[in-house]
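Here is the structure we will look at, set down as C-alpha coordinates.
Computation of the quantities below employed the complete heavy-atom set of this structure, encompassing side-chain atoms and omitting hydrogens, waters and symmetry-equivalent molecules. Reminder, nothing fancy here: chain letters follow the sequence lines and each chain counts from 1. None of the values given here were measured: they were computed from a predicted structure.
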Amino acid sequence: MKKATARQFFELLFAFTQKEIKSRYKNAVLGFLWMFLNPIIQMLVMGFVFSLIFRFGIKDYYLFLFAGLLPWNFFALSLNKATPSIVYERSLIQKSSFPREIIPLSIVLSNFFHLFASLFLLLIFLAVTSKWQIFIPLNFLLFIASLFFLLIFTAAISLITSSLNVFWRDIAFFTQALILIWFYVTPALYPLSIIPQRLQAVFYLNPLSGIFTSLQKAVVGHGSFPYSILAGQFLLIIFIFIFSVILFRNRSKYFSDWL
Amino acid sequence: MNSNKKSNKSEIAVRLTNISKKYILHHQKPTLVETFFKKKEEFWALKDISLQVKKGERLGIIGPNGAGKSTLLKIISGITTPTTGTVKTKGRIASLIELTAGFHPDLTGEENISINGLLLGMSQAEIKDKFKAIIDFSGLHRFIDAPFYTYSGGMMLRLGFSIAIHADPDILIVDEVLSAGDRLFQEKCQKRVKELFAEKTVVSVSHNEKLLKELCPKCLWFHKGKIKLLDKTEKVIKAYIRFFER
(Lines give C-alpha, C1' and ligand atoms only; values in the text may rest on other atoms or scores of the structure.)
Protein backbone atom coordinates (compact mmCIF):
# COMPACT_ATOMS: atom_id res chain seq x y z
CA MET A 1 0.00 0.00 0.00
CA LYS A 2 1.22 3.45 -0.81
CA LYS A 3 2.09 5.37 2.28
CA ALA A 4 -0.17 8.25 3.04
CA THR A 5 1.25 11.43 4.49
CA ALA A 6 0.35 12.33 8.06
CA ARG A 7 -1.86 15.14 6.83
CA GLN A 8 -3.80 12.83 4.53
CA PHE A 9 -4.14 10.27 7.29
CA PHE A 10 -5.58 12.67 9.83
CA GLU A 11 -7.84 14.46 7.37
CA LEU A 12 -9.28 11.15 6.32
CA LEU A 13 -9.59 9.93 9.90
CA PHE A 14 -11.36 13.14 10.85
CA ALA A 15 -13.71 12.95 7.87
CA PHE A 16 -14.57 9.31 8.57
CA THR A 17 -15.20 10.00 12.24
CA GLN A 18 -17.43 12.89 11.29
CA LYS A 19 -19.26 10.66 8.82
CA GLU A 20 -19.72 8.03 11.51
CA ILE A 21 -21.22 10.57 13.95
CA LYS A 22 -23.32 12.45 11.42
CA SER A 23 -24.78 9.42 9.71
CA ARG A 24 -25.97 8.09 13.05
CA TYR A 25 -28.27 11.05 13.67
CA LYS A 26 -28.93 12.06 10.09
CA ASN A 27 -32.50 10.96 9.72
CA ALA A 28 -33.63 11.28 13.30
CA VAL A 29 -36.07 14.12 13.92
CA LEU A 30 -34.41 15.00 17.20
CA GLY A 31 -31.00 14.71 15.55
CA PHE A 32 -28.05 15.51 17.76
CA LEU A 33 -30.30 15.89 20.77
CA TRP A 34 -30.13 12.09 20.99
CA MET A 35 -26.48 12.40 21.78
CA PHE A 36 -27.48 13.80 25.19
CA LEU A 37 -30.90 12.20 25.56
CA ASN A 38 -29.51 8.70 25.25
CA PRO A 39 -27.00 8.91 28.08
CA ILE A 40 -29.53 10.70 30.32
CA ILE A 41 -32.11 7.97 29.86
CA GLN A 42 -29.42 5.36 30.24
CA MET A 43 -28.14 6.86 33.48
CA LEU A 44 -31.60 7.26 34.94
CA VAL A 45 -32.46 3.63 34.25
CA MET A 46 -29.11 2.30 35.39
CA GLY A 47 -29.08 4.46 38.46
CA PHE A 48 -32.56 3.37 39.43
CA VAL A 49 -32.21 -0.34 38.73
CA PHE A 50 -28.73 -0.94 40.05
CA SER A 51 -29.12 1.21 43.14
CA LEU A 52 -31.98 -1.06 44.10
CA ILE A 53 -30.17 -4.30 43.40
CA PHE A 54 -26.63 -3.87 44.68
CA ARG A 55 -25.00 -1.23 46.74
CA PHE A 56 -21.77 -2.73 48.05
CA GLY A 57 -22.09 -0.21 50.85
CA ILE A 58 -20.88 2.61 48.68
CA LYS A 59 -21.85 6.19 49.20
CA ASP A 60 -23.30 7.73 46.02
CA TYR A 61 -23.50 4.35 44.34
CA TYR A 62 -25.28 5.78 41.28
CA LEU A 63 -22.33 8.10 40.65
CA PHE A 64 -19.98 5.22 41.09
CA LEU A 65 -22.02 3.36 38.47
CA PHE A 66 -21.87 6.15 35.92
CA ALA A 67 -18.12 6.41 36.34
CA GLY A 68 -17.85 2.74 35.40
CA LEU A 69 -20.68 2.03 33.02
CA LEU A 70 -20.34 5.00 30.67
CA PRO A 71 -16.71 4.20 29.85
CA TRP A 72 -17.59 0.52 29.70
CA ASN A 73 -20.30 1.23 27.13
CA PHE A 74 -17.73 3.06 25.08
CA PHE A 75 -15.34 0.11 25.22
CA ALA A 76 -17.96 -2.54 24.47
CA LEU A 77 -19.78 -0.63 21.72
CA SER A 78 -16.55 0.32 19.97
CA LEU A 79 -15.19 -3.17 20.03
CA ASN A 80 -18.48 -4.72 18.92
CA LYS A 81 -18.79 -2.37 16.00
CA ALA A 82 -15.15 -2.15 14.98
CA THR A 83 -14.47 -5.89 14.88
CA PRO A 84 -16.54 -6.64 11.75
CA SER A 85 -15.98 -3.15 10.29
CA ILE A 86 -13.33 -4.13 7.77
CA VAL A 87 -15.54 -6.87 6.40
CA TYR A 88 -18.50 -4.48 6.19
CA GLU A 89 -16.49 -1.95 4.25
CA ARG A 90 -15.28 -4.55 1.76
CA SER A 91 -16.51 -2.63 -1.30
CA LEU A 92 -14.48 0.38 -0.27
CA ILE A 93 -11.38 -1.68 0.43
CA GLN A 94 -11.59 -3.47 -2.89
CA LYS A 95 -11.94 -0.27 -4.83
CA SER A 96 -9.77 2.26 -3.13
CA SER A 97 -6.35 2.35 -1.58
CA PHE A 98 -6.20 4.29 1.67
CA PRO A 99 -4.83 3.52 5.14
CA ARG A 100 -7.18 0.76 6.34
CA GLU A 101 -6.67 1.74 9.99
CA ILE A 102 -9.07 4.59 9.34
CA ILE A 103 -12.09 2.29 9.38
CA PRO A 104 -11.85 0.79 12.88
CA LEU A 105 -10.22 3.91 14.34
CA SER A 106 -13.01 6.19 13.12
CA ILE A 107 -15.55 3.95 14.83
CA VAL A 108 -13.61 4.07 18.09
CA LEU A 109 -13.22 7.84 17.84
CA SER A 110 -16.89 8.47 17.11
CA ASN A 111 -17.84 6.41 20.15
CA PHE A 112 -15.28 8.28 22.18
CA PHE A 113 -16.98 11.48 21.11
CA HIS A 114 -20.25 10.12 22.50
CA LEU A 115 -18.54 9.13 25.72
CA PHE A 116 -17.30 12.68 25.98
CA ALA A 117 -20.78 14.07 25.56
CA SER A 118 -22.16 11.86 28.31
CA LEU A 119 -19.25 12.53 30.65
CA PHE A 120 -19.77 16.21 30.07
CA LEU A 121 -23.31 15.77 31.36
CA LEU A 122 -21.93 13.90 34.33
CA LEU A 123 -19.54 16.73 35.11
CA ILE A 124 -22.37 19.25 35.00
CA PHE A 125 -24.38 17.03 37.30
CA LEU A 126 -21.44 16.77 39.71
CA ALA A 127 -20.98 20.53 39.71
CA VAL A 128 -24.67 21.24 40.25
CA THR A 129 -24.95 18.80 43.14
CA SER A 130 -21.71 20.32 44.50
CA LYS A 131 -19.79 17.06 44.59
CA TRP A 132 -16.50 18.72 43.85
CA GLN A 133 -14.12 15.79 44.29
CA ILE A 134 -13.47 15.39 40.57
CA PHE A 135 -12.32 18.99 40.28
CA ILE A 136 -9.43 18.35 42.65
CA PRO A 137 -6.38 18.52 40.33
CA LEU A 138 -5.06 15.07 41.19
CA ASN A 139 -8.44 13.45 40.62
CA PHE A 140 -8.97 15.33 37.41
CA LEU A 141 -5.56 14.33 36.12
CA LEU A 142 -6.33 10.71 36.96
CA PHE A 143 -9.64 11.06 35.16
CA ILE A 144 -8.10 12.45 31.97
CA ALA A 145 -5.19 10.00 31.96
CA SER A 146 -7.53 7.05 32.45
CA LEU A 147 -9.78 8.16 29.61
CA PHE A 148 -6.78 8.64 27.36
CA PHE A 149 -5.44 5.15 28.05
CA LEU A 150 -8.91 3.71 27.70
CA LEU A 151 -9.05 5.23 24.23
CA ILE A 152 -5.62 3.85 23.31
CA PHE A 153 -6.49 0.42 24.65
CA THR A 154 -9.84 0.29 22.86
CA ALA A 155 -8.17 1.36 19.62
CA ALA A 156 -5.51 -1.32 20.05
CA ILE A 157 -7.94 -4.16 20.69
CA SER A 158 -10.15 -2.97 17.83
CA LEU A 159 -7.21 -2.95 15.43
CA ILE A 160 -6.32 -6.49 16.45
CA THR A 161 -9.82 -7.98 16.28
CA SER A 162 -10.86 -6.14 13.11
CA SER A 163 -7.78 -7.24 11.19
CA LEU A 164 -7.94 -10.84 12.34
CA ASN A 165 -11.66 -11.00 11.62
CA VAL A 166 -10.90 -10.62 7.92
CA PHE A 167 -9.07 -13.96 7.93
CA TRP A 168 -11.08 -15.77 10.59
CA ARG A 169 -14.65 -14.62 10.78
CA ASP A 170 -14.94 -16.48 14.09
CA ILE A 171 -13.21 -13.54 15.72
CA ALA A 172 -16.40 -11.47 15.69
CA PHE A 173 -18.27 -14.17 17.66
CA PHE A 174 -15.34 -14.67 19.94
CA THR A 175 -15.17 -10.95 20.64
CA GLN A 176 -18.83 -10.81 21.62
CA ALA A 177 -18.29 -13.54 24.17
CA LEU A 178 -15.07 -11.95 25.33
CA ILE A 179 -16.76 -8.61 26.00
CA LEU A 180 -19.40 -10.29 28.13
CA ILE A 181 -16.82 -12.08 30.27
CA TRP A 182 -14.61 -9.04 30.43
CA PHE A 183 -17.49 -6.98 31.79
CA TYR A 184 -17.80 -9.14 34.87
CA VAL A 185 -14.09 -9.40 35.59
CA THR A 186 -13.63 -5.65 35.31
CA PRO A 187 -14.52 -3.59 38.38
CA ALA A 188 -17.23 -1.52 36.69
CA LEU A 189 -20.35 -2.50 38.65
CA TYR A 190 -18.46 -3.26 41.83
CA PRO A 191 -15.42 -1.74 43.52
CA LEU A 192 -12.12 -3.58 43.41
CA SER A 193 -12.07 -3.43 47.20
CA ILE A 194 -14.75 -6.13 47.55
CA ILE A 195 -12.36 -8.61 45.92
CA PRO A 196 -10.40 -10.63 48.51
CA GLN A 197 -6.83 -9.39 48.90
CA ARG A 198 -5.19 -12.56 47.56
CA LEU A 199 -7.29 -12.44 44.36
CA GLN A 200 -6.55 -8.80 43.62
CA ALA A 201 -3.26 -9.68 41.98
CA VAL A 202 -5.23 -11.55 39.33
CA PHE A 203 -7.27 -8.43 38.66
CA TYR A 204 -4.12 -6.41 38.19
CA LEU A 205 -3.45 -8.48 35.07
CA ASN A 206 -6.49 -6.89 33.44
CA PRO A 207 -5.36 -3.55 31.99
CA LEU A 208 -8.87 -2.19 32.43
CA SER A 209 -8.96 -2.67 36.21
CA GLY A 210 -6.66 0.28 36.86
CA ILE A 211 -8.51 2.52 34.42
CA PHE A 212 -11.92 1.80 35.91
CA THR A 213 -10.84 2.01 39.52
CA SER A 214 -9.16 5.34 38.78
CA LEU A 215 -12.23 6.71 37.05
CA GLN A 216 -14.38 5.72 40.02
CA LYS A 217 -11.92 7.24 42.43
CA ALA A 218 -11.94 10.48 40.46
CA VAL A 219 -15.70 10.74 40.27
CA VAL A 220 -16.81 9.44 43.68
CA GLY A 221 -13.72 10.37 45.62
CA HIS A 222 -12.96 7.09 47.34
CA GLY A 223 -11.37 3.74 46.56
CA SER A 224 -7.77 3.42 45.52
CA PHE A 225 -5.44 1.70 43.14
CA PRO A 226 -1.68 1.31 43.64
CA TYR A 227 0.04 3.84 41.40
CA SER A 228 2.96 1.59 40.58
CA ILE A 229 0.61 -1.02 39.15
CA LEU A 230 -1.40 1.66 37.34
CA ALA A 231 1.80 2.88 35.71
CA GLY A 232 2.65 -0.68 34.77
CA GLN A 233 -0.76 -1.14 33.16
CA PHE A 234 -0.40 2.09 31.20
CA LEU A 235 2.96 0.90 29.95
CA LEU A 236 1.44 -2.44 28.99
CA ILE A 237 -1.30 -0.62 27.08
CA ILE A 238 1.29 1.31 25.11
CA PHE A 239 3.03 -1.95 24.20
CA ILE A 240 -0.24 -3.56 23.16
CA PHE A 241 -1.02 -0.51 21.05
CA ILE A 242 2.33 -0.65 19.25
CA PHE A 243 1.88 -4.36 18.69
CA SER A 244 -1.62 -3.80 17.29
CA VAL A 245 -0.44 -1.15 14.84
CA ILE A 246 2.32 -3.41 13.53
CA LEU A 247 -0.03 -6.37 13.26
CA PHE A 248 -2.67 -4.32 11.47
CA ARG A 249 -0.15 -2.82 9.02
CA ASN A 250 1.12 -6.26 8.24
CA ARG A 251 -2.28 -7.89 7.77
CA SER A 252 -3.91 -4.99 5.92
CA LYS A 253 -1.73 -5.61 2.87
CA TYR A 254 -3.79 -8.69 2.15
CA PHE A 255 -7.26 -7.51 3.20
CA SER A 256 -8.52 -7.10 -0.34
CA ASP A 257 -7.63 -10.73 -1.17
CA TRP A 258 -9.87 -12.06 1.58
CA LEU A 259 -12.94 -9.89 1.19
CA MET B 1 15.52 6.44 -9.19
CA ASN B 2 16.54 8.70 -12.00
CA SER B 3 18.51 11.67 -10.78
CA ASN B 4 18.03 14.08 -13.67
CA LYS B 5 14.51 15.16 -13.08
CA LYS B 6 14.61 17.60 -15.99
CA SER B 7 14.12 14.86 -18.55
CA ASN B 8 10.44 14.61 -17.81
CA LYS B 9 9.61 12.42 -20.75
CA SER B 10 11.79 9.52 -19.75
CA GLU B 11 10.79 9.59 -16.09
CA ILE B 12 9.25 6.34 -14.95
CA ALA B 13 5.79 6.68 -13.45
CA VAL B 14 5.15 3.01 -12.71
CA ARG B 15 7.86 0.41 -12.28
CA LEU B 16 6.96 -3.19 -11.56
CA THR B 17 9.80 -5.60 -10.95
CA ASN B 18 9.26 -9.36 -10.96
CA ILE B 19 5.72 -9.14 -9.67
CA SER B 20 3.92 -12.36 -8.82
CA LYS B 21 0.62 -12.68 -7.06
CA LYS B 22 -0.62 -15.81 -5.37
CA TYR B 23 -4.18 -16.31 -4.28
CA ILE B 24 -5.45 -19.08 -2.05
CA LEU B 25 -8.44 -20.77 -3.59
CA HIS B 26 -11.25 -20.83 -1.09
CA HIS B 27 -13.28 -23.98 -1.42
CA GLN B 28 -16.22 -24.81 0.73
CA LYS B 29 -14.75 -26.78 3.62
CA PRO B 30 -17.34 -29.09 5.09
CA THR B 31 -15.58 -30.07 8.32
CA LEU B 32 -13.45 -28.40 10.91
CA VAL B 33 -10.70 -30.95 10.39
CA GLU B 34 -10.53 -30.17 6.70
CA THR B 35 -10.37 -26.47 7.40
CA PHE B 36 -7.20 -26.93 9.34
CA PHE B 37 -5.49 -29.88 7.74
CA LYS B 38 -6.37 -29.94 4.08
CA LYS B 39 -3.61 -28.57 1.94
CA LYS B 40 -4.32 -25.08 0.67
CA GLU B 41 -4.85 -24.80 -3.04
CA GLU B 42 -2.87 -22.03 -4.65
CA PHE B 43 -3.49 -20.01 -7.74
CA TRP B 44 -0.99 -17.68 -9.36
CA ALA B 45 -2.83 -14.76 -10.93
CA LEU B 46 0.38 -13.06 -12.03
CA LYS B 47 3.67 -14.73 -12.79
CA ASP B 48 6.87 -12.73 -12.72
CA ILE B 49 5.68 -9.55 -14.40
CA SER B 50 8.14 -6.74 -15.00
CA LEU B 51 6.82 -3.60 -16.55
CA GLN B 52 7.63 0.08 -16.84
CA VAL B 53 5.28 2.87 -17.73
CA LYS B 54 6.92 6.19 -18.50
CA LYS B 55 5.44 9.46 -17.41
CA GLY B 56 2.83 10.63 -19.91
CA GLU B 57 2.58 7.21 -21.51
CA ARG B 58 -0.81 5.66 -22.17
CA LEU B 59 -0.85 1.92 -21.91
CA GLY B 60 -3.82 -0.21 -22.83
CA ILE B 61 -4.26 -3.73 -21.53
CA ILE B 62 -6.23 -6.47 -23.23
CA GLY B 63 -6.69 -10.13 -22.52
CA PRO B 64 -9.38 -12.70 -21.85
CA ASN B 65 -11.22 -12.85 -18.52
CA GLY B 66 -9.07 -14.25 -15.76
CA ALA B 67 -5.81 -13.29 -17.43
CA GLY B 68 -4.77 -11.15 -14.46
CA LYS B 69 -5.59 -7.69 -15.79
CA SER B 70 -7.58 -6.53 -12.79
CA THR B 71 -5.07 -7.98 -10.36
CA LEU B 72 -2.39 -5.95 -12.09
CA LEU B 73 -4.44 -2.77 -11.79
CA LYS B 74 -5.08 -3.47 -8.12
CA ILE B 75 -1.38 -3.91 -7.51
CA ILE B 76 -0.47 -0.69 -9.30
CA SER B 77 -3.09 1.30 -7.43
CA GLY B 78 -2.03 -0.16 -4.09
CA ILE B 79 -5.28 -1.92 -3.29
CA THR B 80 -3.50 -5.22 -2.89
CA THR B 81 0.11 -6.24 -2.35
CA PRO B 82 2.07 -8.60 -4.62
CA THR B 83 3.30 -11.88 -3.14
CA THR B 84 6.78 -11.24 -4.52
CA GLY B 85 8.39 -8.38 -6.38
CA THR B 86 8.34 -4.61 -5.94
CA VAL B 87 6.05 -1.83 -7.07
CA LYS B 88 7.27 1.72 -7.44
CA THR B 89 4.93 4.49 -8.43
CA LYS B 90 5.42 8.21 -8.67
CA GLY B 91 2.71 10.73 -7.98
CA ARG B 92 -0.96 10.57 -7.11
CA ILE B 93 -2.85 7.58 -8.42
CA ALA B 94 -6.55 7.66 -9.04
CA SER B 95 -8.28 4.47 -9.99
CA LEU B 96 -11.47 5.01 -11.90
CA ILE B 97 -12.56 1.49 -11.12
CA GLU B 98 -15.74 1.93 -9.19
CA LEU B 99 -16.80 5.53 -8.94
CA THR B 100 -19.41 5.19 -6.26
CA ALA B 101 -17.49 2.95 -3.84
CA GLY B 102 -16.70 5.69 -1.34
CA PHE B 103 -20.18 7.11 -1.06
CA HIS B 104 -22.26 6.84 2.06
CA PRO B 105 -26.04 6.65 1.51
CA ASP B 106 -27.02 8.66 4.60
CA LEU B 107 -24.81 11.66 3.89
CA THR B 108 -25.60 14.49 1.50
CA GLY B 109 -23.95 14.99 -1.87
CA GLU B 110 -21.76 17.71 -0.41
CA GLU B 111 -20.52 15.56 2.45
CA ASN B 112 -19.89 12.72 0.07
CA ILE B 113 -17.78 14.94 -2.17
CA SER B 114 -15.52 15.59 0.81
CA ILE B 115 -15.06 11.95 1.74
CA ASN B 116 -14.66 10.68 -1.79
CA GLY B 117 -12.19 13.43 -2.59
CA LEU B 118 -10.06 12.50 0.40
CA LEU B 119 -10.16 8.84 -0.64
CA LEU B 120 -8.88 9.85 -4.06
CA GLY B 121 -5.93 11.57 -2.40
CA MET B 122 -7.05 15.17 -2.45
CA SER B 123 -6.44 17.38 0.56
CA GLN B 124 -9.27 19.12 2.38
CA ALA B 125 -8.06 22.49 1.05
CA GLU B 126 -8.01 21.20 -2.53
CA ILE B 127 -11.54 19.86 -2.21
CA LYS B 128 -12.72 23.21 -0.98
CA ASP B 129 -11.13 24.92 -3.97
CA LYS B 130 -12.65 22.57 -6.49
CA PHE B 131 -15.98 22.15 -4.76
CA LYS B 132 -17.89 24.42 -7.09
CA ALA B 133 -16.27 23.00 -10.21
CA ILE B 134 -17.17 19.46 -9.13
CA ILE B 135 -20.81 20.36 -8.62
CA ASP B 136 -20.91 22.34 -11.86
CA PHE B 137 -19.57 19.46 -13.90
CA SER B 138 -21.97 16.99 -12.35
CA GLY B 139 -24.90 19.33 -12.92
CA LEU B 140 -26.51 18.31 -9.64
CA HIS B 141 -26.92 21.73 -8.05
CA ARG B 142 -30.46 21.19 -6.87
CA PHE B 143 -29.77 17.86 -5.20
CA ILE B 144 -26.39 18.48 -3.68
CA ASP B 145 -27.69 18.87 -0.13
CA ALA B 146 -30.04 15.89 -0.38
CA PRO B 147 -29.07 12.59 1.20
CA PHE B 148 -27.34 10.23 -1.15
CA TYR B 149 -29.89 7.45 -0.92
CA THR B 150 -32.34 9.67 -2.76
CA TYR B 151 -30.04 9.85 -5.79
CA SER B 152 -30.69 7.81 -8.89
CA GLY B 153 -27.96 5.51 -10.19
CA GLY B 154 -27.15 7.97 -12.94
CA MET B 155 -26.80 10.84 -10.52
CA MET B 156 -24.43 8.87 -8.30
CA LEU B 157 -22.23 8.04 -11.28
CA ARG B 158 -22.20 11.63 -12.43
CA LEU B 159 -21.05 12.88 -9.08
CA GLY B 160 -18.49 10.07 -8.77
CA PHE B 161 -17.09 10.80 -12.17
CA SER B 162 -16.98 14.52 -11.56
CA ILE B 163 -14.98 14.07 -8.34
CA ALA B 164 -12.60 11.62 -9.97
CA ILE B 165 -11.67 13.91 -12.85
CA HIS B 166 -11.17 16.84 -10.51
CA ALA B 167 -8.81 14.85 -8.29
CA ASP B 168 -6.04 15.74 -10.73
CA PRO B 169 -4.14 12.46 -10.50
CA ASP B 170 -0.72 11.90 -12.05
CA ILE B 171 -1.52 8.32 -12.89
CA LEU B 172 -4.95 7.21 -14.01
CA ILE B 173 -5.97 3.60 -13.59
CA VAL B 174 -9.02 2.76 -15.65
CA ASP B 175 -10.94 -0.50 -15.76
CA GLU B 176 -13.23 -0.29 -18.78
CA VAL B 177 -13.38 3.26 -20.05
CA LEU B 178 -16.16 4.94 -18.25
CA SER B 179 -19.57 5.72 -19.37
CA ALA B 180 -21.62 7.55 -16.82
CA GLY B 181 -25.08 8.99 -17.04
CA ASP B 182 -27.21 9.79 -20.05
CA ARG B 183 -26.02 10.46 -23.56
CA LEU B 184 -25.37 14.13 -23.06
CA PHE B 185 -23.32 13.52 -19.95
CA GLN B 186 -21.52 10.63 -21.61
CA GLU B 187 -20.38 12.90 -24.41
CA LYS B 188 -19.18 15.41 -21.85
CA CYS B 189 -17.33 12.62 -20.03
CA GLN B 190 -15.72 11.15 -23.10
CA LYS B 191 -14.48 14.57 -24.08
CA ARG B 192 -13.04 15.16 -20.63
CA VAL B 193 -11.56 11.65 -20.51
CA LYS B 194 -9.78 12.29 -23.78
CA GLU B 195 -8.42 15.59 -22.46
CA LEU B 196 -7.30 13.87 -19.27
CA PHE B 197 -5.72 11.00 -21.13
CA ALA B 198 -3.72 13.46 -23.18
CA GLU B 199 -2.07 14.93 -20.06
CA LYS B 200 -1.69 11.97 -17.76
CA THR B 201 0.00 8.65 -17.39
CA VAL B 202 -2.71 6.12 -18.06
CA VAL B 203 -3.05 2.39 -17.54
CA SER B 204 -6.35 1.24 -18.95
CA VAL B 205 -7.99 -2.16 -19.21
CA SER B 206 -10.66 -2.48 -21.86
CA HIS B 207 -12.43 -4.95 -24.07
CA ASN B 208 -13.37 -2.16 -26.41
CA GLU B 209 -10.66 -2.49 -29.05
CA LYS B 210 -11.80 0.51 -31.03
CA LEU B 211 -11.57 2.80 -28.02
CA LEU B 212 -8.17 1.39 -27.04
CA LYS B 213 -6.79 2.12 -30.50
CA GLU B 214 -8.07 5.63 -30.21
CA LEU B 215 -6.83 6.36 -26.70
CA CYS B 216 -3.69 4.31 -26.08
CA PRO B 217 -0.72 4.19 -28.46
CA LYS B 218 0.80 1.21 -26.66
CA CYS B 219 -0.90 -1.97 -25.63
CA LEU B 220 -0.18 -4.97 -23.49
CA TRP B 221 -1.69 -8.41 -24.09
CA PHE B 222 -2.11 -10.45 -20.99
CA HIS B 223 -2.52 -14.19 -21.10
CA LYS B 224 -2.73 -16.52 -18.10
CA GLY B 225 -0.88 -14.19 -15.77
CA LYS B 226 1.92 -13.44 -18.19
CA ILE B 227 2.69 -10.78 -20.73
CA LYS B 228 2.13 -12.25 -24.15
CA LEU B 229 2.89 -9.19 -26.23
CA LEU B 230 3.76 -5.54 -25.69
CA ASP B 231 3.77 -3.36 -28.77
CA LYS B 232 1.89 -0.71 -30.71
CA THR B 233 -1.83 -1.04 -30.04
CA GLU B 234 -2.64 -1.68 -33.71
CA LYS B 235 -0.29 -4.66 -33.87
CA VAL B 236 -1.26 -6.14 -30.52
CA ILE B 237 -4.97 -6.03 -31.26
CA LYS B 238 -4.44 -7.59 -34.68
CA ALA B 239 -2.45 -10.45 -33.12
CA TYR B 240 -4.99 -10.79 -30.32
CA ILE B 241 -7.92 -11.11 -32.70
CA ARG B 242 -6.03 -13.55 -34.91
CA PHE B 243 -5.16 -15.66 -31.88
CA PHE B 244 -8.81 -16.14 -30.97
CA GLU B 245 -10.02 -16.66 -34.52
CA ARG B 246 -7.85 -19.69 -34.98
Side-chain angles (χ1 to χ4, degrees), chain A residues 1-28 31-32 85-103 106-107 110 163 166-170 248-259, chain B residues 21-24 26 32 35 43 45 70-71 73-83 87-108 111-127 147-150 160 164 171 173 175:
Chain A
M1 203 157 311
K2 216 162 155 51
K3 269 187 89 176
T5 62
R7 180 189 51 72
Q8 265 176 327
F9 184 87
F10 286 110
E11 279 187 355
L12 204 56
L13 182 58
F14 185 76
F16 264 65
T17 308
Q18 219 178 13
K19 173 190 95 171
E20 215 31 65
I21 296 169
K22 273 189 186 169
S23 63
R24 190 177 311 185
Y25 299 108
K26 219 40 208 257
N27 295 307
F32 280 93
S85 62
I86 304 278
V87 177
Y88 285 160
E89 294 286 357
R90 55 178 10 137
S91 67
L92 197 52
I93 284 173
Q94 295 230 324
K95 300 288 153 47
S96 175
S97 117
F98 62 97
R100 302 339 190 179
E101 294 89 337
I102 304 273
I103 294 172
S106 65
I107 289 172
S110 72
S163 60
V166 174
F167 305 95
W168 299 283
R169 305 285 158 88
D170 312 62
F248 193 95
R249 280 272 151 90
N250 204 316
R251 294 286 89 200
S252 67
K253 290 182 203 160
Y254 304 105
F255 281 173
S256 74
D257 302 346
W258 289 78
L259 292 173
Chain B
K21 177 72 183 176
K22 177 178 78 178
Y23 283 106
I24 308 279
H26 299 264
L32 199 64
T35 309
F43 168 74
S70 296
T71 306
L73 291 192
K74 276 189 175 178
I75 286 176
I76 295 174
S77 48
I79 291 169
T80 188
T81 316
T83 313
V87 188
K88 273 200 180 130
T89 54
K90 226 173 165 193
R92 180 184 294 174
I93 304 177
S95 48
L96 305 188
I97 296 179
E98 177 109 12
L99 294 168
T100 53
F103 288 133
H104 191 288
D106 281 329
L107 300 181
T108 66
E111 291 161 336
N112 271 311
I113 291 177
S114 267
I115 289 200
N116 220 338
L118 287 171
L119 283 173
L120 282 165
M122 286 200 261
S123 71
Q124 206 66 267
E126 241 180 301
I127 295 169
F148 213 66
Y149 68 81
T150 62
I171 304 168
I173 307 285
D175 202 345

Quiz item: Between A:Lys22, A:Gln18, A:Lys19, A:Glu89, which has the largest tally of heavy atom pairs under 4.5 Å with chain B?
Solution: A:Lys19
Practice problem: List in chain and number order the residues that pass salt bridge (Lys or Arg N to Asp or Glu O under 4.0 Å) with A:Glu11, two or more places apart in sequence or in another chain; answer none if no residue qualifies. | Solution: A:Arg7
Quiz item: Considering only heavy atoms, which portion of B:Ser123 lies under 4.5 Å from any heavy atom of chain A: side chain, backbone, both, or neither?
Solution: both
Quiz item: What residues, two or more places apart in sequence or in another chain, satisfy ring-ring contact (aromatic ring centres under 6.0 Å, His included) together with B:Phe103?
Solution: B:Phe148
Quiz item: Under a 4.5 Å heavy-atom cutoff, which of B:Leu120, B:Thr83, B:Ile115 has the most pairs with chain A?
Solution: B:Ile115
Exercise. May I ask you to check whether B:Lys74 and A:Ser256 show a side-chain donor-acceptor distance below 3.5 Å?
Key: no
Quiz item: Where does B:Glu111 contact chain A at under 4.5 Å (heavy atoms): side chain, backbone, both or neither?
Solution: side chain
Quiz item: Which bit of A:Ile102 is near chain B, if near means a heavy-atom gap under 4.5 Å: side chain, backbone, both or neither?
Solution: neither
Exercise. Would you please classify the geometry between the A:Phe167 ring and the A:Trp258 ring as parallel, tilted or perpendicular, with 30° and 60° separating the classes?
Key: perpendicular
Quiz item: Would you say the side chain of A:Leu92 lies within less than 4.5 Å of the side chain of A:Phe98, judging by non-hydrogen atoms?
Solution: yes
Quiz item: Which of the residues A:Ser91, A:Ala15, A:Ser96 is involved in the greatest number of heavy-atom pairs with chain B at under 4.5 angstrom?
Solution: A:Ser96
